[in-house]
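Start at 1 and go down the list; that is how both ligands and their atoms are numbered. Everything quoted here is computed from the prediction, not taken from an experiment.
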Amino acid sequence: MPRLNLVVLGKQGAGKGTQCKRLSDAYGIPHVSTGDILRAAVKAGTPLGEEVAAIMDAGALVSDDLVNRLVDERFKEPDAKRGALLDGFPRTLPQAEALEELLGDDGIKLCLNLEVSNERVIERLSTRRVCQECGNIYKDTDIEAISGTCSNCGGDVIQRKDDTPEAIATRLGVYERDTEPLLAFYESRGLLVVVNGDQEMDEVTAALEAAVHERGLA
Ligand code: ADP
Ligand code: ZN
């Protein structure tokens, strides 16, 4: 069976993480989030984590070489044999080119872009809280956020350091400058699908699954 490699694009707070988790369950392929991999390294205090912590807190991008290597390693793991849902990678043109080279002929099957307005994502990011253990997302008004304890795994629920107004502004600027050019890149390869990310979560999931289904990919 050919590999189901899917790229999910969209601004910070567009809902990539939530949707990727769902699609990962639906298609039995791993959710590969470079942000999650990097945050785990920071939390574990590895040399890699120490190298990237300040960059991430400021909302800037870590180097292409570094993330390219991480993804290369991740694709060598057995669970990626059937494909992967890529979340947060690629996010620059050099990363997209490196990915094409890495995957070769059995490359990206589709690029799903979750479209959401800036106002909406700023609102979502500034009120979101996350579980440090399982990654579950909550709103600041949820009981888990108020108590600081995840109802899924008991882990600590915190506000990400890059969900401050300054870092959010930086991240959205970086997205526009470095990541938006990828839309034309995937469009020119006939791989781009745009989905309205400003709908109920279930509706977004349905639209994404329909796009995958329409192309006979799953
Ligand atoms: P968000 O998209 O909400 O900012 P992510 O979890 O995808 O969050 O990424 C968090 C941070 O990790 C980014 O701001 C950046 O510093 C770093 N990062 C993640 N993926 C990449 C990547 N592909 N290239 C460069 N930096 C990355
Ligand atoms: Zn949790």
Side-chain angles (χ1 to χ4, degrees), residues 7-21 31-43 48-75 84-99 102 108 111 113-114 116 118 120-138 142-145 147-182 185 197:
V7 167
V8 179
L9 280 184
K11 283 173 200 152
Q12 296 79 359
K16 299 189 294 290
T18 307
Q19 297 300 333
C20 282
K21 277 206 182 93
H31 172 203
V32 174
S33 157
T34 44
D36 285 350
I37 296 172
L38 292 167
R39 269 187 297 279
V42 172
K43 190 157 176 268
L48 166 71
E50 281 177 14
E51 187 182 334
V52 300
I55 301 172
M56 292 178 69
D57 287 352
L61 292 184
V62 309
S63 81
D64 289 335
D65 278 351
L66 197 154
V67 285
N68 288 344
R69 260 185 288 132
L70 286 180
V71 171
D72 189 78
E73 287 299 313
R74 185 61 186 85
F75 268 105
L85 262 159
L86 288 165
D87 166 7
F89 182 92
R91 61 212 254 164
T92 65
L93 276 176
Q95 290 179 17
E97 283 155 5
L99 180 63
L102 171 72
I108 296 301
C111 172
N113 181 41
L114 292 180
V116 187
N118 271 3
R120 193 98 175 86
V121 298
I122 290 168
E123 199 263 330
R124 283 188 191 170
L125 292 174
S126 47
T127 58
R128 91 172 163 185
R129 302 292 181 270
V130 304
C131 171
Q132 265 190 309
E133 299 303 327
C134 72
N136 263 16
I137 308 279
Y138 299 103
D142 289 339
I143 182 67
E144 291 87 351
S147 67
T149 308
C150 177
S151 54
N152 180 44
C153 78
D156 288 340
V157 174
I158 57 143
Q159 179 169 36
R160 270 170 52 173
K161 286 195 187 144
D162 60 356
D163 279 345
T164 59
E166 301 75 34
I168 291 171
T170 304
R171 286 154 69 207
L172 290 175
V174 169
Y175 188 85
E176 211 170 287
R177 190 190 65 208
D178 293 333
T179 308
E180 263 173 12
L182 296 185
F185 177 91

Proximal candidate to atom 11 (C) of ligand 1 [heavy atom criterion; set Lys11, Met56, Gln95]: Met56
Contact check: Phe89 vs ligand 1, nitrogen or oxygen atoms, below 3.5 angstrom: no
Beyond-backbone contact of Leu38 with Val42, side-chain heavy atoms, under 4.5 angstrom: no
Contact partition for Val62 relative to ligand 1, non-hydrogen atoms under 4.0 Å: both
Residues Arg39, Asp36; criterion salt bridge (Lys or Arg N to Asp or Glu O under 4.0 Å); working and verdict: CA-CA 5 Å; Arg39 269 187 297 279; Asp36 285 350; 2.9 Å; yes
Heavy-atom nearest neighbour of atom 14 (O) of ligand 1 within options Ser33, Gly35, Ala60, Ala58: Ala60
Arg91, any N or O under 3.5 Å of ligand 1 N or O: yes
Atom 20 (N) of ligand 1: the protein heavy-atom neighbour that sits closest, reported with distance to 0.1 Å: Thr34 OG1, 2.7 Å
Short side-chain donor-acceptor distance under 3.5 Å, Asp64 and Thr92: yes
Ligand-side contact atoms (ligand 1) for residue partner Arg128, heavy atom cut-off under 4.0 Å: 3 (O)
Close approach, Arg39 and ligand 1, non-hydrogen under 4.0 angstrom: yes
Listed partners of Arg91 passing salt bridge (Lys or Arg N to Asp or Glu O under 4.0 Å), at least two apart: none
Contact atoms of ligand 1, heavy-atom distance to Arg171 under 4.0 Å: 1 (P), 3 (O), 4 (O)
Under-4.0 Å heavy-atom contact with ligand 1, by part of Leu38 that carries it: side chain
Heavy-atom side-chain contact between Asp163 and Ser126 under 4.5 Å: no
Pairing of Glu133 and Lys43 as salt bridge, 4.0 angstrom limit: yes
Atom 1 (P) of ligand 1 [closest protein heavy-atom partner, distance rounded to 0.1 Å]: Gln12 CG, 3.2 Å
Heavy-atom check, side chain of Leu125 versus side chain of Asp162, under 4.5 Å: no
Metal-centred angle, the Zn ion (ligand 2) as apex - SG of Cys134, SG of Cys153, 10° resolution: 120°
Test item: Thr34 side-chain N/O and Gly88 main-chain N/O as donor-acceptor pair under 3.5 Å: yes
Residues 8-18, side-chain donor-acceptor partners within the protein, below 3.5 Å, at least two apart:
unit_1: Lys11; atom_1: NZ; unit_2: Val116; atom_2: O; d: 2.9
unit_1: Lys11; atom_1: NZ; unit_2: Asn118; atom_2: OD1; d: 3.1
unit_1: Gln12; atom_1: NE2; unit_2: Arg171; atom_2: O; d: 3.3
unit_1: Lys16; atom_1: NZ; unit_2: Gly10; atom_2: O; d: 2.8
unit_1: Lys16; atom_1: NZ; unit_2: Lys11; atom_2: O; d: 3.2

Close N or O approach (Gly88, ligand 1; < 3.5 Å): yes
N/O separation below 3.5 Å, Arg160 to ligand 1: yes
